[in-house]
Asker: 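Supplied in structure tokens, the structure appears directly below.
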Number of protein chains: 2
Amino acid sequence: MGEHKKMPRASVLRMELCLELLEQLEADGSVYVTSRQIGEATGVSADKVRQDFFHLGSEGKPKVGYEVAQLAELIRSVLDLKTAKKTCLVGLGNLGRALTASNIWSRAGFELAAIFDTDPSLIGTTTAGIRVRNVTEIYGVVKAENIIAGVAAVPASAAQDTADLMVGAGIRAIWNFAPVKLHVPEDVVVESQSLAWGLITLSYEMKNNIKDQAPERAK
Amino acid sequence: MGEHKKMPRASVLRMELCLELLEQLEADGSVYVTSRQIGEATGVSADKVRQDFFHLGSEGKPKVGYEVAQLAELIRSVLDLKTAKKTCLVGLGNLGRALTASNIWSRAGFELAAIFDTDPSLIGTTTAGIRVRNVTEIYGVVKAENIIAGVAAVPASAAQDTADLMVGAGIRAIWNFAPVKLHVPEDVVVESQSLAWGLITLSYEMKNNIKDQAPERAK
DNA sequence: CGGCATTCGTTAAACAATTAACAATTTAAT
DNA sequence: ATTAAATTGTTAATTGTTTAACGAATGCCG
């Protein structure tokens, strides 16, 4: 029985993929699933799947596999997806609007509870049933609503200031979309996900893939 | 003089950060910059900065540092940011619209040249100066326009089909936003960047950060 | 009931990335 | 000139992640 000290970041990402599959299987009425089946369905090697499950203390039966519902619940528990986490969004630009309309929040236990911007023409309007407030109100709103997470969908130039505001208001986790490394106290979690990164890495990979074509021989 | 065989993925991402800083310095008129200065400005250790530069074959002078313009050009070259790469977008939902309006394309050398969707009410309309086409036209358009990269901003259920269409049309690189591992020939590059991942990892980190508060003592 | 095939949990090895260390090089000061 | 301080390019060591391997457990079939 493996004790989960700290799970590799890559494992966490794979768990998300896996959970999606498990919920689908659950809906289809499947009771058991093997690491091989999971691997084939998600495109991950069976070995890696088992190693991941080992990290979170798996409870499968040899020859049978893992109980779908139980495993899904375990993943949700380790990833802490079930506890509700109130969140605020700062920056209602194009990306902010896309995030607001997205259905990813509830899946991970987040609830979008407030939206802030600096644009006077936006303040006071309503998006997704939430009134857009001036970012200067962030302190009071975060305290009053007990918001613990924040999304920074602002230009790079405003990212650090936004982060400072959030930290000052007591937010413990920041999802940052600006291509900037935020400077925050160590008890605040930051997850950076600049959209630009995808294109940059694509560009690099495209250039290098031509050479790798011959030598590499992936299974 | 280091020969760049293959650069770690993390290095590529840091280069993006670094390039942003370099361009800013260039605009400010700075001529030289040291690894320490870069480190302080970007939040990366100076050692790591030098190691990264080593990967791409750096050319700095001891005691002086790196020539800003030259280093920026080197990074653009290794990341292949200057060569134009025509791109198409499939899926004009909220995320697709946000991407369309974004300014990240030209920065990495990409040019959004076509938009596809399946929604009849969208086909024929114009977004960002580009006419939205039926996704069935993708083969012809990609061939005619010489498009080499594609963005899949579609639901998870449609992701693999979209990828197959792209590959069939001759696209060599896919930027995938669906939380799915795409199955493609090995000469096609895939960069996955599901928005959900950010929330998932945030959730996990938030849960674990409480414990790490005391033991860890980061500089 | 007893072997056989399958699958899990765990350990070990291989691989990759980060961090640290250090000699070589250049500027600047005396 | 010569020393001293600073910074680079590179190698070495540490750390972390992925891949492989293998005994133990379980169901299945004769």
Side-chain angles (χ1 to χ4, degrees), chain A residues 1-15 17-18 30-68 70-71 74 181 201 204-205 208 212 215-219, chain B residues 1-15 17-18 30-68 70-71 74 78 181 201 204 208 212 215-219:
Chain A
M1 213 177 299
E3 276 306 316
H4 50 86
K5 296 292 178 184
K6 52 183 176 182
M7 197 156 51
R9 175 192 171 76
S11 284
V12 175
L13 264 47
R14 282 193 294 267
M15 288 305 92
L17 259 181
C18 185
S30 302
V31 179
Y32 286 100
V33 65
T34 69
S35 60
R36 171 179 308 192
Q37 290 170 324
I38 293 175
E40 282 176 4
T42 59
V44 180
S45 80
D47 281 342
K48 209 185 291 189
V49 170
R50 277 211 310 288
Q51 180 96 14
D52 287 344
F53 290 171
F54 173 57
H55 279 134
L56 34 86
S58 55
E59 297 189 17
K61 283 184 189 173
K63 186 83 179 183
V64 175
Y66 305 86
E67 200 192 332
V68 173
Q70 177 185 322
L71 183 55
L74 178 60
K181 187 156 175 21
T201 57
Y204 179 72
E205 295 286 338
N208 282 49
D212 298 352
E216 189 146 357
R217 188 109 189 99
K219 199 201 85 179
Chain B
M1 214 178 299
E3 277 307 316
H4 49 86
K5 296 293 179 185
K6 52 182 175 182
M7 197 156 50
R9 175 191 172 77
S11 283
V12 174
L13 264 47
R14 281 192 295 268
M15 289 304 92
L17 259 181
C18 185
S30 301
V31 179
Y32 286 100
V33 64
T34 70
S35 60
R36 171 179 307 191
Q37 289 170 326
I38 293 175
E40 283 176 4
T42 60
V44 180
S45 79
D47 283 341
K48 209 185 292 186
V49 170
R50 278 212 309 288
Q51 180 94 17
D52 287 343
F53 291 170
F54 174 56
H55 278 134
L56 34 85
S58 55
E59 298 189 16
K61 283 185 189 172
K63 184 83 176 185
V64 175
Y66 305 86
E67 201 192 331
V68 173
Q70 177 186 321
L71 183 55
L74 178 61
V78 171
K181 188 158 172 23
T201 56
Y204 178 72
N208 281 50
D212 298 352
E216 190 146 358
R217 188 107 189 101
K219 194 206 87 175

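All values below come from the heavy atoms of this structure, side chains included, with hydrogens, waters and symmetry mates left out. Quick note on labels: first sequence line is chain A, next is B, and so on, each numbered from 1.
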Asker: So what does A/Phe53 hit on the nucleic acid, given a heavy-atom distance under 4.0 Å: a base, only sugar-phosphate, or nothing?
Answerer: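 No contact.
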Asker: Let me know the distance between CD of A/Glu59 and C1' of C/dT7, rounded to the nearest Å.
Answerer: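 Value for this atom pair: 16 Å.
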Asker: Determine the contact category for A/Ala10: base if any of its heavy atoms lies under 4.0 Å from a base atom, sugar-phosphate if only primed atoms, P, OP1 or OP2 are that close, otherwise nothing.
Answerer: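 Sugar-phosphate contact only - A/Ala10 comes under 4.0 Å of backbone atoms but never of a base.
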Asker: Just how far, in rounded Å, is C1' of C/dC8 from CG of A/Asp52?
Answerer: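 One finds 14 Å between C1' of C/dC8 and CG of A/Asp52, rounded.
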Asker: Mind calculating the distance between OH (A/Tyr32) and C1' (D/dT26) to the nearest angstrom?
Answerer: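 Answer to the nearest Å: 12 Å.
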Asker: Please tell me if B/Arg50 has a side-chain N or O lying less than 4.0 Å from either OP1 or OP2 of D/dT8.
Answerer: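 True: B/Arg50 side-chain N/O within range (under 4.0 Å) of D/dT8 OP1/OP2.
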Asker: Between A/Val33 and B/Pro62, which has a closest nucleotide on DNA chain C that is more 5'?
Answerer: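 Of the two residues, A/Val33 wins.
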Asker: Go through D/dA20, D/dG16, D/dA6 for me and flag the one nearest to the A/Lys6 side chain.
Answerer: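 The answer is D/dG16, which lies nearest to the side chain.
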Asker: Taking the side chain as every heavy atom from C-beta outward, state whether A/Tyr32 and A/Glu67 have any pair of such atoms under 4.5 Å apart.
Answerer: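 Counting from C-beta outward, A/Tyr32 and A/Glu67 do come under 4.5 Å.
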Asker: Considering heavy-atom distances to DNA chain D, does A/Pro8 or B/Lys61 have its closest nucleotide positioned more toward the 5' end?
Answerer: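 In this pair, the answer is B/Lys61.
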Asker: Measure the spacing between CE of B/Met7 and OG1 of A/Thr201 and express it to the nearest 0.5 Å.
Answerer: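 Between B/Met7 CE and A/Thr201 OG1, I get 11.0 Å after rounding to 0.5 Å.
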Asker: Does B/Thr42 reach the side chain of A/Lys181, with side-chain heavy atoms less than 4.5 Å apart?
Answerer: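 Not in contact.
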Asker: Please find the pair of heavy atoms, one from B/Ile38 and one from B/Cys18, that lie closest to each other, and give the distance.
Answerer: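 So the two residues come closest at CG2-SG, 3.9 Å.
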Asker: Would you say A/Tyr66 reaches C/dG9's phosphate, i.e. side-chain N/O to OP1/OP2 under 4.0 Å?
Answerer: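 Yes, within the criterion.
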Asker: If the cut-off is 4.0 Å, is A/Lys63 near the phosphate of D/dA25, judged by side-chain N/O to OP1 or OP2?
Answerer: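 Checking A/Lys63 against D/dA25: no side-chain N or O falls below 4.0 Å of OP1 or OP2.
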Asker: Select one nucleotide: of D/dT18, D/dT11, C/dT6, the one nearest the side-chain heavy atoms of B/Phe54.
Answerer: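 Looking only at side-chain atoms, B/Phe54 lies closest to D/dT11.
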Asker: Roughly, in whole Å, what's the span from CE in B/Met7 to P in C/dA16?
Answerer: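 Interatomic distance, CE of B/Met7 to P of C/dA16: 16 Å.
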Asker: Report the distance from atom CG of A/Leu74 to atom P of C/dC8, rounded to the nearest whole Å.
Answerer: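 Distance check: A/Leu74 CG to C/dC8 P gives 15 Å.
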Asker: Please report the shortest heavy-atom distance between A/Met15 and A/Phe53, naming the atom on each side.
Answerer: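 Here A/Met15 and A/Phe53 meet closest at CE-CE2, 3.7 Å.
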Asker: Closest-nucleotide mapping onto DNA chain D: is B/Gln51 or B/Val64 further toward the 5' terminus? I mean the 5' end.
Answerer: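 It is B/Val64, whose closest nucleotide lies nearer the 5' terminus.
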Asker: Would you say A/Gln37's side chain and A/Thr34's backbone share a donor-acceptor pair under 3.5 angstrom?
Answerer: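 It does hold such a pair.
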Asker: Please report, rounded to the nearest Å, how far the C1' atom of C/dT6 is from the CD atom of A/Gln37.
Answerer: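 Computing the A/Gln37:CD to C/dT6:C1' distance gives 12 Å.
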Asker: For the pair made of NE2 in B/His55 and C1' in C/dT18, what is the distance, rounded to whole Å?
Answerer: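 So the NE2-C1' distance, B/His55 to C/dT18, works out to 10 Å.
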Asker: Quick check on C/dA17: is either OP1 or OP2 less than 4.0 Å from any side-chain nitrogen or oxygen of B/Arg9?
Answerer: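 Negative; the distance criterion is not met.
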Asker: Would you mind reading off the distance between A/Asp47 atom CG and D/dT17 atom C1', rounded to a whole angstrom?
Answerer: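 About 14 Å, once rounded to whole Å.
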Asker: Nearest to the side chain of A/Arg14 - D/dT18, C/dG9, C/dT19?
Answerer: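 The answer is D/dT18.
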Asker: Looking at every strand, decide which applies to A/Ser35 at a 4.0 Å heavy-atom threshold: base, sugar-phosphate, or nothing.
Answerer: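 Sugar-phosphate only.
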